[in-house]
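Single-structure report; data block below.
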Amino acid sequence: MLEVRNVDAGYGSTVILQDVSLRVEEGEVVTIVGANGAGKTTTLRTISGLVTPKTGGVFFEGEEISKLQPHAVVDRGITLIPEGRQLFPDMSVRENLLMGAHRRDARGVRSETLDEVLGLFPRLGERLDQHASSLSGGEQQMVAIARGMMARPRLLMFDEPSLGLAPIIVEQVFDVISKVAASGMTVLIVEQNVWHTLKAADRGYVLENGEMVLDDAADALLENDHVRQAYLGI
Amino acid sequence: MQTFLQIIANGLMLGGLFAIVAVGLTLIFGIVKVVNFAHGEFLMVGMYLTYLLTSGLGVHPYATAVAVIPILFVLGAVTQRLLIQPLMHARDEHIQIFATVGLSTALINLALLIFGADIANTPNYGVRSQIQIGSVRILEGQLWIFLAAILLVIGLQLFLARTNTGRAIRATAQNRAAARLMGINDRFIYVLTFGIGAACVGFGSALIAPLYPTSPTIGTYFVLIAFVIVVLGGLGSIPGAFFGALIIGLVDALSGFYIGSDLREAVVFGIFLVILILKPSGLFGTRVSQAHVSP
Ligand SMILES: Nc1ncnc2c1ncn2[C@@H]1O[C@H](COP(=O)(O)OP(=O)(O)OP(=O)(O)O)[C@@H](O)[C@H]1O
Ligand SMILES: [Mg+2]
């Protein structure tokens, strides 16, 4: 479904990603594991069209998308739930969710989608008319995830959804991600919480200093010595 | 008392006129985050268009709005697309300011070339006739401008609050990066918003032209006051611009009478400085200045 092929990418003249390749098949949950600054966010931003590859390409359902503007990538069916939530602070929760359904394929069915999404996040139903900036961190993360789902994407990407949240909220976030995955959504996820994520994923990639050093089934990565030492602290 | 009421009425009418110029300026600033120094010249272009269409076709100046509004929309949209957008990635944001100052000068010189320095009087079709409301007298055209300003402010607010496009415009202003991730074409939003801001002043031009003689530098007078109003009302706030305009209109009229008409502008700009010092976010402002465009 998604293929990143031999991509070099970065910011200005700085190259961050070097010869990065990865694939995500329909219905899979795939994770990218890596230390701070390894280039995980840059990889997701490259898929989203926020960063343009210097060489190599990004392909979605066989078509190259790496030269598209971010909004055109969203129209193709790829949605990124960004690091740090990035809500619209002066809009209500309801308006934030409606913005998620801006994409043409999602706009016509947005009230149905809203009902479905609120089914997953009952707490948000009580907060629809509140300003997004007045919510707690955990609630804001829920809005960010719900807003991403409002786009009815074919591929949903998460960047550090549990960052900065209390352990009990982290559990809830992973609970929601498992439900989303169980509904058949294709998911690409980047997380600090490596153990949790590998438990939820089918396959994983390990990114170090902008290069893919390992890729395998999630179970196998959980048993891998390097992964255990470097990322699981076992 | 009679005189006082008349001064208040004059001030409010003047405020309505200022509002109709300032609303588009504050919209462009609030959303595109560009200070459009050519805004006054957009007004000038609109007034000349009204003049040409009214005297050339023999139609009522208000009827020319049908043509002036779309032409000004295109002028604004083209300014954003061809002048501002290529500079969006410039290292220094001030370059955009120089660009709109340059456009302003270019438009003034173009008008001088075409029309010369003489003033052009738009046929007024009776909108300069006086009407009496209670004990005060105002020009019919002033009342129309005042009502049009109210309609414009309400219309814009509803558009921004209730429509999909309006929401997308607000979302882009609040968090451009996130808006792009929602599938919003941010560049299109900026072009559209600049166009709408210019169209607003186009609407104003058709109403203002029959009351004021048009000259190449007419915009400079109005736009300086409009900047004061935009700061007073809180950068980017449309209701703020409206009430700010009424306040400045009243201050202008009252100080013109009680202090002396030579000093009106000094008083208005004195207020401007006091606000910048005491409440830089303006009377209705929230936290605008932090919300800068992310790269
Ligand atoms: N906008 C930017 N401009 C320049 N350099 C950047 C930019 N964003 C990130 N970088 C650099 O790119 C490198 C990779 O950053 P990236 O955000 O992709 O890492 P990450 O793996 O997501 O890290 P983290 O776990 O901290 O989120 C870092 O060295 C970072 O400093
Ligand atoms: Mg990151």
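Lettering of chains follows the sequences in order, A, B, ..., and the numbering in each one begins at 1.
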Is the cationic atom of Arg167(B) (NZ for Lys, CZ for Arg) positioned less than 6.0 Å from the six-membered ring centroid of Phe88(A) and within 45 degrees of its normal? no
Side chains of [X] and [Y]: donor-acceptor distance under 3.5 Å anywhere?
X: Thr172(B); Y: Tyr190(B); result: no
X: Arg110(A); Y: Asn164(B); result: yes
X: Thr31(A); Y: Glu191(A); result: no
X: Gln86(A); Y: Asn175(B); result: yes

Write out, in numerical order, the residues from residues 97-109 of chain A with a heavy atom short of 4.5 Å from a heavy atom in chain B. Leu98(A), Met99(A), Gly100(A), His102(A), Arg103(A), Arg107(A)
Select all residues of residues 71-81 of chain A having any heavy atom within less than 4.5 Å of some heavy atom of chain B, and report them by number, or 'none'. His71(A), Val74(A), Leu80(A)
Within the distance-only criterion (no hydrogens, no angle test), does the side chain of [X] pair as donor or acceptor with the backbone N or O of [Y] below 3.5 angstrom?
X: Glu26(A); Y: Met1(A); answer: no
X: Thr186(A); Y: Leu155(A); answer: no
X: Lys40(A); Y: Gly34(A); answer: yes

Classify the ring geometry of His196(A) against Phe174(A): parallel below 30°, tilted from 30° to 60°, perpendicular beyond 60°. parallel
Is Arg170(B) in contact with chain A via its backbone, its side chain, both, or neither, using a 4.5 Å heavy-atom distance? both
Taking every non-hydrogen pair under 4.5 Å, which of Arg85(A), Met150(A), Glu95(A) racks up the most with chain B? Glu95(A)
Sub-4.5 Å side-chain heavy-atom contact between Asn185(B) and Gln69(A): no
